[in-house]
Amino acid sequence: MERESLPVLLSIRGEQYFDGVDPDATELMTEGTLELSEEGLTLRYHESALTGMEGTVTTFSVNGPRVTLTRSGSVNSQMVFEEGRQHTSLYETPYGELSVDIQTSRLRHNLTERGGVMEIKYSIAVEHTVTGRNCFKIRVKRK
């Protein structure tokens, strides 16, 4: 089956919570693509100078209850989100690799070829020390 790549508008809101600090929120509007395959669907967009990751392509692969976030380019990383489960991944930095544990507390989406919303809440532990809780909400609209 030929995979169709549909142009979409993405609104990505990210919030980071650290103990005792007001959440740090970022909102990004960008264009990207939505691809449907037999395994699920894939959202892809280019990071910008706004996110400090210029030259990086971000991909969300949605396969049933599991979402994999892959960044490639100036930043290379992979994070796996699955509600109620912890996944450990390696994060490449200019100074070496870090082990990052992702504990997903909530993962919801209603994405179809027409668009939709995906929400992921998770906490991150770097080298087994929790560094913060994060939440992002991605709205996808067909262009």
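By the criterion of side-chain heavy atoms lying less than 4.5 angstrom apart, applied directly or through intervening Ile, Leu, Val, Met, Phe, Trp or Tyr residues, Phe60 is not grouped with Val57; the two fall into different hydrophobic clusters. Cluster annotation: Leu69 is connected to Val8 through the hydrophobic network of ILVMFWY side chains, with a link wherever side-chain heavy atoms come within less than 4.5 Å.
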Passes side-chain contact (heavy atoms from CB on, under 4.5 Å), Ile102 versus Ser123? Steps please. CA-CA 6 Å; Ile102 304 291; Ser123 61; over 6 Å; no
Kindly determine whether Glu127 and Leu98 satisfy side-chain contact (heavy atoms from CB on, under 4.5 Å), including the steps that lead there. CA-CA 7 Å; Glu127 299 294 331; Leu98 290 174; 3.7 Å; yes
Do Arg71 and Met53 pass the side-chain contact (heavy atoms from CB on, under 4.5 Å) test, and can you show the C-alpha distance, the side-chain angles, and the key distance before you say yes or no? CA-CA 10 Å; Arg71 290 197 164 108; Met53 292 186 283; 3.6 Å; yes
Report the C-alpha distance between Leu111 and Val140 in whole Å, list the side-chain angles of each, state the deciding distance to 0.1 Å, and finish with yes or no for side-chain contact (heavy atoms from CB on, under 4.5 Å). CA-CA 8 Å; Leu111 296 169; Val140 182; 3.7 Å; yes
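Paired with Glu119 under the rule salt bridge (charged side-chain N to carboxylate O under 4.0 Å, His left out), one option of Arg13, Arg139, Arg106 passes, and it is Arg106.
Rounding to the nearest 0.5 Å places CD of Glu82 at 11.5 Å from CD1 of Ile120. Ile138 CD1 to His109 NE2: the interatomic distance, rounded to the nearest 0.5 Å, is 11.0 Å. Distance check, rounded to the nearest 0.5 Å: CG of Asn63 to CD of Glu38 gives 12.5 Å. Here the straight-line distance linking atom CE of Met29 with atom CG of Leu9 works out to 6.0 Å at 0.5 Å rounding. Rounded to the nearest 0.5 Å, atoms OG1 (Thr88) and CE (Met79) are 12.0 Å apart. One finds the OG atom of Ser48 at 7.0 Å from the CD atom of Glu54 (value rounded to the nearest 0.5 Å).
Nearest approach of Leu90 to Ser99, heavy atoms of both residues: CD2-CA, 4.1 Å. Minimum interatomic distance between Ser5 and Thr33 (heavy atoms only, all atoms of both residues): OG-CB, 3.4 Å.
Counting heavy atoms from C-beta outward, Val117 and Lys137 have side chains that approach closer than 4.5 Å. The side-chain heavy atoms of Val67 and Leu107, taken from C-beta on, include a pair separated by under 4.5 Å. Two residues are said to be in side-chain contact when any heavy atoms from C-beta on lie closer than 4.5 Å; Ser77 and Thr70 fail this criterion. Within the 4.5 Å cutoff, no side-chain heavy atoms of Glu83 are placed close to those of Pro65. When side chains are defined from C-beta on, Val62 counts as touching Met118, because their heavy atoms get closer than 4.5 Å. Between Tyr45 and Leu28 there is a side-chain heavy-atom pair separated by less than 4.5 Å. Side-chain contact between Leu41 and Leu34: present, with at least one pair of heavy atoms (C-beta onward) separated by less than 4.5 Å. By the 4.5 Å heavy-atom criterion applied to side chains, His87 and Gln103 are not counted as neighbours.
In the model, Asp101 has a side-chain atom that pairs as donor or acceptor with a side-chain atom of His128 under 3.5 Å. Side-chain contact check for Asn134 and Gln16: at least one donor-acceptor pair (N or O, by modelled atom type) lies under 3.5 Å. Judged purely by distance below 3.5 Å, without hydrogens or angles, the side chains of Thr58 and Glu47 pair a donor atom with an acceptor atom.
The number of heavy atoms from other shown groups lying within 6.0 Å of CZ (Arg114) does not exceed 12. In this structure, His46 places its NE2 atom where only 12 or fewer heavy-atom neighbours from other residues, nucleotides or ligands lie under 6.0 Å away.
Glu31 is linked by a side-chain hydrogen bond (donor to acceptor under 3.5 Å, both in side chains) to Lys143, counting only residues two or more places apart in sequence or in another chain. Applying the side-chain hydrogen bond (donor to acceptor under 3.5 Å, both in side chains) criterion to Tyr91, with sequence neighbours excluded, gives no partner residue. For Thr26, there are no side chain to side chain contact (heavy atoms under 4.5 Å, CB included) partners at least two apart in sequence or on another chain.
The aromatic rings of Phe136 and Phe81 sit perpendicular to each other, their planes meeting at more than 60°, with 30° as the lower class boundary.
Checking side-chain atoms of Thr131 against main-chain N and O of Ile124 turns up a donor-acceptor pair under 3.5 Å. Of the possible polar contacts, one joining the Ser89 side chain to the Gln78 backbone as a donor-acceptor pair under 3.5 Å is found.
Taking the charged nitrogens against the carboxylate oxygens, Glu113 and Arg142 have no contact shorter than 4.0 Å, which rules out a salt bridge.
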